[in-house]
Amino acid sequence: MTAGHNDKEITIYDIAKVLGVSTATVSRALKNNPAVSKSTRRKVLQTARKMGYRPNNFASNLRSRKTHTIGIIIHELNSNFIISVLTGIEKVTAEAGYDIIIAHSSETVKKEIANAHNLFHKRVDGLVASLAYDTEDLSHFDPFIKKGTPIVFFDRVEEKAVGVKVVIDNVKAGFMATGHLIRQGCRDIVHITGSLRRNVYADRLKGYQEALLANGLAYREDRVIINDLSDKAGLEATRRILAMQPRPDGLFVTNDFCASVVMQGLKEAGVNIPNDIAVVGFNNDIICKIVEPRLTTIDYPGREIGEVAARHLIGLLKQHPKNSATNRVILKSDLIIRASSLRNGDDASPA
């Protein structure tokens, strides 16, 4: 079967022929160039739509060596925090005329490496990334650096890596969370955290340690539980807490979902929250308002982090950098106090 006329790709020459204008006029009108009158622009756009014209972005991208796409590597998809970060990134990139390609590593460096290679071969103009749980070597980002493709890391970052890092002050946040529990009368506080290879968890642990020290409380390694913050890990952590002698009276968990799993397990074992054990989570995920009692947490401004990361990347793209930027952007995070930690009434004092 031979291809009919309708299979032919419509070009600006076809539109120019129908309207009796030059191809330059059609080209300018399609780009909304004010050099072409409004009525002509409208006519060209209407005709293009009617004829089924599709702009050949691929050809123009080859000419300009730009794809107008930004690659995003995230470590998970099923988190309220990550979804809000993506919302912030998309808002800024769309306004700047960029498309995004999202890849997620499912918390494995192997998949993160594959994602980086894939996005490099797709010729993305820039990259926004948050590292997987077990990433140590960052050499898979080297091709971007060599090519001068700007990279902005957020949340999970490697301090020595080239590129902008957008984070919160996790040490301060850990200090705030632990300090709040101490002011509520807790003297034996367990900290549940993730892999200390990641800056976010190492820094929150440091904040926990500093708050204990500042309040004359001893730091005990047996009061720190390191796991992958999954529901299974939460159940295992609950068993460990219930077996502790004496039983702790405070709990700072570096993730709201894991905190909720542990709270549920403790309640089922007859533990009263907050009177027996006061609990603070981290992220301000939606689960904080669903779990009973409602969960005190550190607000992690995901949308703002996404917007700031994207704005920095767009700024770097407009400057045509050689990827020399290594600045660190620190955003504010707040303690949101709810019933899960309140034993002595409200706590408005700073940590």
Note to self: Regarding His104 and Glu76, do their side chains bring together a donor and an acceptor under 3.5 Å, going by distance alone?
What the structure shows: no
Check: Would you say Ser84's side chain and Phe81's backbone share a donor-acceptor pair under 3.5 angstrom?
Finding: yes
Margin query: Using side-chain heavy atoms (C-beta onward) and a distance below 4.5 Å, is Leu342 in contact with Thr296?
Written below: no
Note to self: Check the orientation of Phe120 and Phe144. Use parallel for under 30°, tilted for 30 to 60°, and perpendicular for over 60°.
What the structure shows: perpendicular
Check: Checking Asn199 side chain against Val157 main chain: does a donor-acceptor pair fall under 3.5 Å?
Finding: yes
Check: Any ion pair linking Asp334 and Lys332 (charged N to carboxylate O, less than 4.0 Å)?
Finding: yes
Item checked: Asp256 side chain to Thr297 side chain, donor-acceptor N/O pair below 3.5 angstrom -> yes
Next item on the list: Validate the cation-pi geometry between Arg198 and Tyr133: distance from NZ or CZ to the six-membered ring centre under 6.0 Å, angle to the ring axis within 45°.
Entry: no
Check: Only one of Ile192, Val190, Leu196, Leu205 forms a side-chain contact (heavy atoms from CB on, under 4.5 Å) with Val224, so which one is it?
Finding: Leu205
Next item on the list: Please answer whether the main-chain N or O of Val36 pairs with a side-chain N or O of Arg41 as donor and acceptor at a distance below 3.5 Å.
Entry: yes
Notebook entry, point to check: Does the His75 side chain pair with the main chain of Ser130, one donor and one acceptor, at a distance under 3.5 Å?
Noted result: no
Check: Can you tell me if Asn170 and Asp203 form a side-chain donor-acceptor pair at under 3.5 Å?
Finding: no
Checklist line | Polar side-chain atom of Lys267 near backbone of Val262 as donor-acceptor pair, under 3.5 Å | finding: no
Checklist line | Backbone N/O of Arg197 and side chain of Ser195: donor-acceptor pair under 3.5 Å | finding: yes
Margin query: Test of understanding: with side-chain hydrogen bond (donor to acceptor under 3.5 Å, both in side chains), list the residues that count as partners of Lys122, not counting sequence neighbours.
Written below: Asn118
Notebook entry, point to check: Given Ile168, which of Val200, Asp155, Val329, Ile305 fulfils the side-chain contact (heavy atoms from CB on, under 4.5 Å) condition?
Noted result: Ile305
Next item on the list: Just say parallel, tilted or perpendicular for the rings of Tyr219 and Tyr208, cut-offs at 30° and 60°.
Entry: perpendicular
Next item on the list: Please confirm whether the backbone N or O of Ile100 pairs with a side-chain atom of Thr69, one donor and one acceptor, at under 3.5 Å?
Entry: no
Notebook entry, point to check: In chain order, what residues pass the side-chain hydrogen bond (donor to acceptor under 3.5 Å, both in side chains) check against Arg220, with sequence neighbours excluded?
Noted result: Asp222
Next item on the list: Determine the interplanar angle of the Tyr98 and His68 rings, folded into 0 to 90°, and report it as parallel if under 30°, tilted if 30 to 60°, perpendicular if over 60°.
Entry: tilted
Checklist line | Partner residues of Glu307 under the side chain to side chain contact (heavy atoms under 4.5 Å, CB included) criterion, sequence neighbours left out | finding: Lys91, Val92, Arg303, Arg311
Item checked: Pairs touching residues 227-236 that satisfy side-chain hydrogen bond (donor to acceptor under 3.5 Å, both in side chains), sequence neighbours left out -> Asp228-Ser230, Glu236-Arg239
Check: Just checking, any donor-acceptor pair under 3.5 angstrom between side chains of Tyr300 and Asp285?
Finding: no
Note to self: If only side-chain N and O atoms count, and only distance matters, is there a donor-acceptor pair under 3.5 Å linking Ser22 with Thr25?
What the structure shows: yes
Next item on the list: Go through the side-chain N and O atoms of Ser37 and Thr40 and say whether any donor and acceptor fall under 3.5 Å apart.
Entry: yes
Check: Would you say the side-chain atoms of His180 and Ser341 include a donor-acceptor pair closer than 3.5 Å?
Finding: yes
Next item on the list: Would you kindly confirm whether Leu213 and Leu217 end up in one hydrophobic cluster when ILVMFWY residues are joined by side chain heavy atoms under 4.5 Å apart?
Entry: no
Checklist line | Donor-acceptor contact present, side-chain Asn33 to main-chain Ala29, <3.5 Å | finding: no
Note to self: Donor-acceptor pair, distance only, cut-off 3.5 Å: does the side chain of Thr135 make one with the backbone of Leu131?
What the structure shows: no
Item checked: Ionic contact status for Arg223 with Asp188, cut-off 4.0 Å -> yes
Note to self: Which residues end up grouped with Phe257 if you chain together Ile, Leu, Val, Met, Phe, Trp and Tyr wherever their side-chain heavy atoms are less than 4.5 Å apart?
What the structure shows: Leu235, Val261, Ile287
Checklist line | Glu112 side-chain N/O to Ala132 backbone N/O, donor-acceptor pair under 3.5 Å | finding: yes
If you look only at distance, which donor and acceptor atoms sit under 3.5 Å apart when one is on a side chain in residues 12-20 and the other is two or more places apart or in another chain?
from, atom 1, to, atom 2, distance (Å)
Asp14, OD1, Lys8, NZ, 3.3
Asp14, OD2, Lys8, NZ, 3.0
Asp14, OD2, Thr11, N, 2.9
Asp14, OD2, Thr11, OG1, 3.3

Note to self: Between Arg204 and Thr254, does the side chain to side chain donor-acceptor pair (under 3.5 Å) criterion hold? Intermediate values first, please.
What the structure shows: CA-CA 7 Å; Arg204 290 168 202 175; Thr254 191; 2.8 Å; yes
